[in-house]
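Worth saying up front: this structure is predicted, and the values here are computed from it rather than measured. Every chain is numbered from 1 and lettered A, B, ... according to where its sequence line falls, protein lines coming before strand lines.
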There are 2 protein chains.
Amino acid sequence: MTSPAVAAQSLTPAAIQAAYGLIQPHVHRTPLLTCKTLDTIASTPQSTEALVGTLFEGQTPARPQFRFFFKCENFQRIGAFKARGAFHALLRLLEERGEEVKRRGVITHSSGNHAQALALAASNLGIPAYIVMPRISTPSKISGTQSHGAEVIFSGSTSVERETVVAEMQAKTNAILVPPYDDFNIICGQGTTGLELEAQHAEQARSRPLDAVITPIGGGGLNSGVATWFSDKQTRVFGAEPSFEGADDCRRGLQAGKRVEAVGTLTIADGLRTPVGLLNWEIISNEKKVEGVFAVTEEQIKSAMRLVIERMKVVVEPSAVVGLAVCLFDENFRRRVEQEGGKDGWDVGVVFSGGNTTVEAIAKLFT
Amino acid sequence: MTSPAVAAQSLTPAAIQAAYGLIQPHVHRTPLLTCKTLDTIASTPQSTEALVGTLFEGQTPARPQFRFFFKCENFQRIGAFKARGAFHALLRLLEERGEEVKRRGVITHSSGNHAQALALAASNLGIPAYIVMPRISTPSKISGTQSHGAEVIFSGSTSVERETVVAEMQAKTNAILVPPYDDFNIICGQGTTGLELEAQHAEQARSRPLDAVITPIGGGGLNSGVATWFSDKQTRVFGAEPSFEGADDCRRGLQAGKRVEAVGTLTIADGLRTPVGLLNWEIISNEKKVEGVFAVTEEQIKSAMRLVIERMKVVVEPSAVVGLAVCLFDENFRRRVEQEGGKDGWDVGVVFSGGNTTVEAIAKLFT
């Protein structure tokens, strides 16, 4: 097997472009939205009280100027960017192994958006799909996965329990494993989000390139794909994580100079509970590709989510807004935008990664 | 003063077109969205259990075919179609009376979207605005109105109490009254929603005209404006109301052959608690213009709202989805679509009138 460091060398903008050529007929070109109200709110200095207890207590709050461009992957098929990677992985498999794939089928384990994405892509491409899901998964996610015709197999919740069931099912069916994020073809698929974001920003009559793009980091497929796309361009790429119960494994890993291998967190950003993958880490820890990773609290995630729902009228899941929360609340990041952007400010692409939530889940967060 | 019947004669498609010419620089051309999932759900027959206790108990549920085109006025400025009418009314006033308007200012009473719309339009056009709001209005709506620079004056909640305060303020300021719906210029402004909806449907490569358009009816400004636009076209126009505590005043009035003058309801569709206006009634009660008005229950409104939030990832207020709820749940309406649309089905324009809600309000509805 190719080592992550070697595989990472093949993660190039050309590989993302090639992925786009393959998946374009199968995924939505999701809208790139702007919102003057959110620009204004983010471009207003934080109150001095908001900085109490932080490193910036007593200092003058930053005055960054933001112009946001929201890439709405919450409107993507199955409600999240995961459809891009899943279609790409399966289309490549079909290209490389042909009919064998339809005979053997594909398998993955996921409690969330990757499960539904793989189920959809497999069903559209005529491939049997086996999805191992923890018994405690949200019923709507289980039925969503089943509604695309996938066979759902239940397991315990820990990684070991899930992987045991995957191994059992593979032995029985000979199905091919499609990992959720730590995979070359998955990363290339997710990276097409960056390609579209850049093109749509240019179409909106912006004569300047995007100054920065920020995406959530869970396993890191989206962030490393987007960073690959922008790796030969001026646009800076940043990552965002929840800080709750150590969910900021990538940020901590960068500080320590070593990838954090395990995380146990129940952050409300449930799509971001996993540690960053090996191949993903090769990209994200390369500071020429990703310039920084920031972490936000549960309250900051909720505040950002409220603003998007109430002001933009767009439904996002908690994981989707960690990037916006960094722009709104991380004083380090805001200082950088002020210093480097000056009076002109920055055009910032913010990826809303998904919108899979329920009215009950919203109710639970805000009561 | 012109009688409603006479004024109604001037409500023509040309008047809507003229209104559009005036307001276009000031309002958003909101998107027209489609959603295959909602098409599929609405095109699936209701269960026989769902018909128990209705006139259709024991009969075969209808099999209508719907293709929806959602006109998203929840993305309009101030989050509702009301911005159209408010801008139009003020631009006409400026045209007709010039600087006098800026000296005298404008006044209205509203607890909801019309208050914010008039405040925004007045502020953009340099006109002082006085808004009489019930003391018990939602704090976010009061601060929203104030944030546009309007002077908010508090009153009691009944019509009489509100109108008394309006009269007092008019005596003091000489401000010009801009009614929320029962007004020629307001109706023409709201009617531009229909004009855009038709044009955008044609742009989406549909070679056929819209078969039908359905909008909510509160005071009736939106519905009578849209019906005016389509009055010389093939497209059928329908209205939708909540049935809770008699909020379906328009439907009941049509049955009785006489407008219902007062309504006392606390339906969750809080934008639809008012009786239909006099001029609006002239249009809506003309069956050549509006072919039918249907009513839905609170539970049906909540079901439709849940579908839009969870499946379309779009935030709507309860009032916005009564039209969709009719398509999903009114067996009379569904039979008509089956009978007249046949296998081809209907292209139905559904106006989402607004999206002004909060996460707390969503929580309250769904816990």
Q. Pick from M305(A), R306(A), K36(A): which one has the most heavy-atom pairs with chain B under 4.5 Å?
A.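 Looking at each of M305(A), R306(A), K36(A) in turn, R306(A) comes out on top.
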
Q) What are the residues of residues 353-367 of chain B, in order of number, with any heavy atom under 4.5 angstrom from a heavy atom of chain A? A)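 G355(B), N356(B), T357(B), T358(B), V359(B), E360(B), I362(B), A363(B), F366(B), T367(B) fall under the 4.5 Å cut-off.
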
Q | Interface residues of residues 74-85 of chain B facing chain A - non-hydrogen atoms under 4.5 Å apart | A | N74(B), F75(B), G79(B)

Q: Counting only heavy atoms closer than 4.5 Å, note whether M312(A) contacts chain B via side chain, backbone, both or neither.
A: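 Backbone of M312(A) only, per the 4.5 Å heavy-atom cut-off to chain B.
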
